[in-house]
Protein chains: 2
Amino acid sequence: MTAGIADVSTCAVAVDVALLTVRDERLSILLVEPDTPDLDAAWALPGRRVRDDESLIDGARRAVRELAGLAIPHAWLEQLATYGEPQRDPHGRVVSVAYLALVPDPEDPAPGDGRSAAFVAFEDLADHQPLAYDHDRILPDAVERARSKLEYTALATQFVEEPFTLGDLRRVYEAVWGESLDGANFRRKVVSTTDFVLPVDGEFRKRPGGGRPAQLYRRGTAERLHPAMLRP
Amino acid sequence: MTAGIADVSTCAVAVDVALLTVRDERLSILLVEPDTPDLDAAWALPGRRVRDDESLIDGARRAVRELAGLAIPHAWLEQLATYGEPQRDPHGRVVSVAYLALVPDPEDPAPGDGRSAAFVAFEDLADHQPLAYDHDRILPDAVERARSKLEYTALATQFVEEPFTLGDLRRVYEAVWGESLDGANFRRKVVSTTDFVLPVDGEFRKRPGGGRPAQLYRRGTAERLHPAMLRP
DNA sequence: TCAATAGTGTCTTTTAGACATTATATG
DNA sequence: CATATAATGTCTAAAAGACACTATTGA
């Protein structure tokens with residue numbers, strides 16, 4: 001690591017963020033419009049070069065803030081993987097550390113920096129492909145990570161605002177997995193998993209079109225789920 | 001990603017490898033002696049600066065070969081995480097991409113490059129701590145990744161040479177998890193998990209001290225296990 | 001013979017899943 | 001009233017785990 005002889009270079013280091021949310025019951029991804037005037041330039045994940053004195057995760061937060069006008073100081077943000085093929089960026093070697101962010105639907109990203117940003121449903125992604133650089137490789141990795149982590153961690157609660165109903169939580173699972181779930185069995189599993197969710201005693205939420213009011217819950221303390229919530 | 005203005009730097013990019021094996025029924029880690037003449041210098045994971053034209057994973061393989069004299073062209077090697085805190089290396093900013101390698105016990109690493117390398121049992125790690133740089137943070141991440149992946153992937157078979165017995169495979173699980181398992185239930189689960197292992201018809205292996213000869217198996221085609229082999 | 005390891009059988013408990021039923025709201 | 005969603009109950013099947021038992025070797 002402290003070699004520093006011939007053949008070794010310094011690389012540009014960047015962060016790219018795959019920010020996922022559930023909007024209109026569909027898993028959606030934050031994309032930013034390219035800054036080049038080129039007409040058929042590709043959309044991309046928000047990404048920035050990392051600064052001298054900045055940690056990687058701070059760089060990830062800054063990329064989302066500067067490119068999509070979205071402040072995510074408390075959102076879930078975890079490292080996904082690092083993409084460093086020598087030829088992945090045509091302008092020179094750039095090693096990019098990708099992050100996965102999960103947020104409740106922020107209604108609308110307000111673009112800063114003069115570009116536009118938008119949420120695109122995963123199933124409509126083809127309309128914006130191909131993405132810039134190797135972002136078409138990063139995005140499936142991000143979605144698979146999210147799908148997989150919903151099985152054995154409590155991360156699903158990061159997609160909803162507190163307090164939430166078990167119906168809200170079920171719709172998160174359904175959107176991320178792309179599968180419909182039995183409400184009765186889902187409820188039993190969530191409630192019986194220790195510290196997954198905590199009921200807010202005596203508080204309920206009514207729905208616009210009728211239906212029995214639903215008990216409200218907050219996030220529990222569990223990080224890993226025992227037992228796991230396995231995909232159907 | 002193609003910003004390149006003020007405040008952004010190029011960093012040194014390195015790879016560090018956490019190479020795990022099961023030796024003497026214990027989970028063990030490959031460490032290399034420091035190259036400094038300093039007496040109480042710390043042991044470290046094998047790591048190298050990444051070369052200009054080299055992919056990250058190729059750099060990882062090279063680090064193991066050059067620092068431990070171990071050629072692992074066919075071993076399991078997957079990216080673990082990237083460690084990039086601004087102050088993690090006292091000599092300047094180094095972003096390190098850590099890899100996880102799983103290999104059958106190679107009996108002995110033959111050190112090249114004039115340094116010595118050794119396998120250290122995870123439970124004896126305290127004898128070699130603290131490790132250099134932030135390697136004391138990387139190593140627990142590597143071990144937890146291995147423990148976790150044994151649950152829902154077929155990675156355990158990467159720790160044994162083919163052909164192997166179900167006893168060999170059970171000892172891998174026991175060493176990595178640090179728990180003893182019921183042989184009867186273990187066998188039933190492995191055999192009933194689709195494509196985890198394939199019996200080599202009519203081939204058996206005897207053990208030195210007696211005991212019924214064991215059926216030999218090869219790796220199956222499954223990558224993910226259905227159902228999973230959950231930790232006790 | 002005994003000790004050691006491989007492999008089978010059986011029983012209980014836990015979990016998953018299908019699906020009927022009841023509860024409480026809106027229109 | 002009908003309709004919608006929440007919550008509970010019940011049954012069946014699959015899986016996990018404890019543990020007794022049989023099989024085949026070396027010493």
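Every chain is numbered from 1 and lettered A, B, ... according to where its sequence line falls, protein lines coming before strand lines.
Here D/dA27 presents its C1' atom at 14 Å from NZ of B/K206, a figure rounded to the nearest Å. If you take CZ of A/R207 and P of D/dA7, they are 11 Å apart, rounded to a whole angstrom.
Side-chain N or O atoms of B/T21 include one that pairs as donor or acceptor with a backbone N or O of B/D105 at under 3.5 Å. Put simply, the side chain of A/Q158 never gets that close to the backbone of A/A75: no donor and acceptor are under 3.5 Å apart. Looking only at distances, no side-chain donor or acceptor of B/Q215 sits under 3.5 Å from a matching main-chain atom of B/T165.
The pair B/E144-B/R231 meets the salt-bridge criterion, since a charged nitrogen lies less than 4.0 angstrom from a carboxylate oxygen. A salt bridge links B/R26 with B/D124: at least one charged nitrogen is closer than 4.0 Å to a carboxylate oxygen. Salt-bridge check for A/E107 with A/R23: failed, with every basic side-chain N at 4.0 Å or more from each acidic carboxylate O. A salt bridge is absent between B/R48 and B/D16: the closest approach of a Lys/Arg side-chain nitrogen to an acidic carboxylate oxygen does not fall below 4.0 angstrom.
Counting 5' to 3', DNA chain C first comes under 4.0 angstrom of a heavy atom of chain B and last does so at the ends given by C/dA4 to C/dT10.
Looking only at side-chain heavy atoms (C-beta outward), A/L225 and A/Y152 stay at 4.5 Å or farther from each other. Within the 4.5 Å cutoff, the side chain of B/E151 has heavy atoms near those of the B/W177 side chain.
For the segment residues 186-205 of chain A, residues with any heavy atom less than 4.0 angstrom from an atom of DNA chain D are, sorted by number, A/R187, A/R188. At a non-hydrogen distance threshold of 4.0 Å, B/G210, B/G211, B/R212, B/P213, B/A228 from residues 210-232 of chain B come into contact with DNA chain D.
If B/R171 and A/P208 are placed on DNA chain C by their nearest nucleotide, the residue sitting closer to the 5' end is B/R171.
For the residue pair B/E223 and B/T153, no side-chain donor N or O sits within less than 3.5 Å of a side-chain acceptor on the partner.
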